[in-house]
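What you see below is based on every heavy atom in this structure, not just the backbone, and it leaves out hydrogens, waters and symmetry mates.
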Amino acid sequence: MPLYYAVDIGGTKVEVAIGNERGELLDKKRVPTPNLGHDDAVLDGVADLLRSLARPGDVAGIGIACPGPLDAAQGRVLNPSNLPGWHQLPISEGLSKRLGGLPCYLENDATAAGMGEWRWGAGAGTRNMVYITVSTGIGAGIIAENQVVRGVGDNAGELGHVVVDPAGRPCHCGNRGCLETKASGTAIGREGERRRGESPRLSATEGPVTSVDVFRAYEAGDPVAAEVVEGAAHWLAWAFGTLTNLFNPERIVVGGGVSENGETLLAPVREKMVPYAMGDLLASVQLVEAKLGGDVGVLGALAVAVDRAGRVPG
Ligand code: BMX
Ligand code: ZN
């Protein structure tokens, strides 16, 4: 069975792994994201990390998951705001050159994670599903009729940058009032911090309030935290309801750090989706928590490699 390298690039860490088409990870490692602003140093670092993995067989390709926007066809990272040192990085060519010409496949991180959940996680067995990560940002991976939806520039699924309030707060993408300014983990923490003075529980937080603090306070019955969670749940319900009408999915799988709150998050979202989707479509969609947990990044990248390397070009 061929093996594949998986690379998951995030704003804070780069994780690499080696695995097979059954989604089994044989070794993995992580390092803080190098932000060197120098192509060779970044690429040398990732290539060295891959070489340092235990390799019990031949490697057939490399899957890379990275925040967008990307130029996947050219294998180039464009200008993700959380990876300033990586802008315009020709990552596929650079890694391929350093690793004996292995084919490299670059994918948006949320799309890759969706592919991982579809193959080996909570989306297994579906023909139509949408994966949504609610974490630092909000991203989506869309599977329609057993096909990954990538769009003309491979950037489909930028759900977090769908504008819901054009007069709203500036977003790092350059627009205003994007969904992720209202409902990401970052947004939930920021709103909790803004309102901390109204809540004894939130004011007792050490350091700035995070989304974890808001959810703990919500579970303890804090009314201010409840307003913050319900506010975010409202926007997620709007987004999931809209996706339900657009794609008629069988399952919406929610991953990312905020999804670790499970039904505490999903129950209010499910309830609030009712006015935002057509009844029959809503009746056929399940809203579930992702299953791959902390390995979703590398498993997503592995799914990309398995999917693309196994395909005849053209
Ligand atoms: C953002 C966007 C997406 C990404 C999503 C989830 C940036 C830098 N990235 O909407 O490309 O898929 O976040 O990313 O704008 P995460 O880092 O929150 O998991
Ligand atoms: Zn935006």
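- A290 approaches A122 most closely through the heavy-atom pair CA-CB, 4.1 Å.
- A donor-acceptor contact shorter than 3.5 Å is absent between the side chain of D295 and the backbone of L299.
- Between I91 and C104, every side-chain heavy-atom pair lies at or beyond the 4.5 Å cut-off.
- More than 12 heavy atoms of other shown residues, nucleotides or ligands fall within 6.0 angstrom of atom CD in E198.
- The shortest side-chain heavy-atom distance between Y218 and R201 does not fall under the 4.5 Å cut-off.
- At distances below 3.5 Å, not a single donor-acceptor pair connects side-chain atoms of S135 with backbone N or O atoms of G257.
- Listed for the S52 side chain is a donor-acceptor partner under 3.5 Å among the backbone atoms of L49.
- Residues M273 and L287 are in side-chain contact: their nearest non-hydrogen atoms beyond the backbone lie under 4.5 Å apart.
- Listed by first then second residue, pairs satisfying side chain to side chain donor-acceptor pair (under 3.5 Å) with a partner in residues 62-83 read S81-H172, not counting sequence neighbours.
- For the pair W238 (side chain) and Y276 (backbone), a donor-acceptor distance under 3.5 Å is absent.
- The nearest pair of heavy atoms linking N248 to S284 is ND2-OG, 3.8 Å.
- Of the possible polar contacts, one joining the H87 side chain to the P80 backbone as a donor-acceptor pair under 3.5 Å is found.
- In this structure, V298 and L25 have side chains that are in contact, with non-hydrogen atoms separated by less than 4.5 Å.
- Taking the charged nitrogens against the carboxylate oxygens, R196 and E193 do have a contact shorter than 4.0 Å, which makes a salt bridge.
- Between K182 and E191 no salt bridge is recorded (no basic side-chain N to carboxylate O distance below 4.0 Å).
- In this structure the side chain of C173 reaches within 4.5 angstrom of the side chain of H161, judged on heavy atoms.
- In this structure, R98 pairs ionically with D44, as a charged nitrogen and a carboxylate oxygen lie closer than 4.0 Å.
- Atom OG1 of T181 sits about 7.5 Å away from atom CG of L179, to the nearest 0.5 Å.
- More than 12 heavy atoms of other residues, nucleotides or ligands lie within 6.0 Å of CG in D40, so this atom counts as buried by the packing criterion.
- Both V274 and W235 are part of a single hydrophobic cluster, where members link through side-chain heavy atoms under 4.5 Å apart.
- Inter-residue side-chain proximity for L102 and V59 is flagged as met; some heavy-atom pair is nearer than 4.5 Å.
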- Item | Check against side-chain contact (heavy atoms from CB on, under 4.5 Å), I142 and V148 | CA-CA 6 Å; I142 301 162; V148 180; over 6 Å; no
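- Surrounding CG of D280 are at most 12 heavy atoms belonging to other residues, nucleotides or ligands under 6.0 Å away.
- The backbone N or O of G68 lies less than 3.5 Å from no partner atom in the side chain of D109, so there is not a single donor-acceptor pair.
- The pair E21-R119 does not meet the salt-bridge criterion, since no charged nitrogen lies less than 4.0 angstrom from a carboxylate oxygen.
- Atom CZ in F247 sits 10.5 Å away from atom CD1 in I252 (nearest 0.5 Å).
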Working note: I9 + L83, criterion side-chain contact (heavy atoms from CB on, under 4.5 Å); need CA distance, chi angles, decisive distance, verdict. CA-CA 9 Å; I9 298 160; L83 292 174; 3.7 Å; yes
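- For the side chain to side chain contact (heavy atoms under 4.5 Å, CB included) criterion with L106, the lone passing option out of L70, I62, L95, V7 is L70.
- Remark: the backbone N or O of E145 is paired with a side-chain donor or acceptor of N128 at under 3.5 angstrom.
- For the residue pair S184 and I138, the shortest heavy atom distance occurs at N-CD1, 3.7 Å.
- Both V285 and V134 are assigned to one and the same hydrophobic cluster, defined by single-linkage of ILVMFWY side chains at heavy-atom distances under 4.5 Å.
- Residue-environment remark: NZ (K97) stays at or below the threshold of 12 foreign heavy atoms within 6.0 Å.
- Once rounded to the nearest 0.5 Å, the distance linking CD1 of I18 with NZ of K28 reads 14.0 Å.
- Evaluation of the salt bridge (Lys or Arg N to Asp or Glu O under 4.0 Å) rule for E271 yields no partner, not counting sequence neighbours.
- One finds the CG atom of N155 at 10.0 Å from the CD atom of E107 (value rounded to the nearest 0.5 Å).
- Residue L292 comes nearest to G121 through the heavy atom pair CD2-CA, 3.9 Å, listed as atom of the first residue, atom of the second, then distance.
- When hydrophobic clusters are built by joining Ile, Leu, Val, Met, Phe, Trp and Tyr residues whose side-chain heavy atoms come closer than 4.5 Å, directly or via intermediates, I64 is grouped together with L43.
- Annotation: K272, atom NZ; neighbour count of heavy atoms from other residues, nucleotides and ligands within 6.0 Å is above 12.
- Between V288 and R251 the shortest side-chain heavy-atom distance falls below 4.5 Å.
- Side-chain atoms of N261 come within 3.5 Å of backbone N or O of V258 as a donor-acceptor pair.
- Residues T126 and I143 have side chains not in contact (no heavy-atom distance under 4.5 Å, counting atoms from C-beta outward).
- Across every non-hydrogen atom of T111 and A140, the tightest pair is OG1-O, 3.8 Å.
- Following chains of ILVMFWY side-chain contacts shorter than 4.5 Å, one can reach V296 starting from W120, so the two form part of one hydrophobic cluster.
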Passes side-chain contact (heavy atoms from CB on, under 4.5 Å), D58 versus L3? Steps please. CA-CA 6 Å; D58 285 341; L3 300 175; over 6 Å; no
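- At a cut-off of 3.5 Å, with distance as the only test, a side-chain donor of Y5 or R55 sits close to an acceptor on the other residue.
- Criterion: ILVMFWY side-chain heavy atoms under 4.5 Å apart, direct or through other members. Under it, L281 and L159 are not part of a common hydrophobic cluster.
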Intermediate values then yes/no, side-chain contact (heavy atoms from CB on, under 4.5 Å), R194 and R190: CA-CA 6 Å; R194 194 180 69 80; R190 185 177 49 226; 5.8 Å; no
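- Electrostatic pairing of D8 and R30 does not count as a salt bridge here, judged by no charged N lying under 4.0 Å from a carboxylate O.
- Counting only N and O atoms by type, the side chains of D213 and T210 include a donor and acceptor under 3.5 Å apart.
- The line from CH2 of W86 to CG of L78 is 14.5 Å long, rounded to the nearest 0.5 Å.
- E219 and T264 share a side-chain donor-acceptor pair at under 3.5 Å.
- Note: E250 CD to R127 CZ = 10.0 Å, rounded to the nearest 0.5 Å.
- Considering all non-hydrogen atoms of both residues, T33 and K13 come closest at OG1-N, 2.9 Å.
- Residues that satisfy the salt bridge (Lys or Arg N to Asp or Glu O under 4.0 Å) test with E289, not counting sequence neighbours, are absent from this structure.
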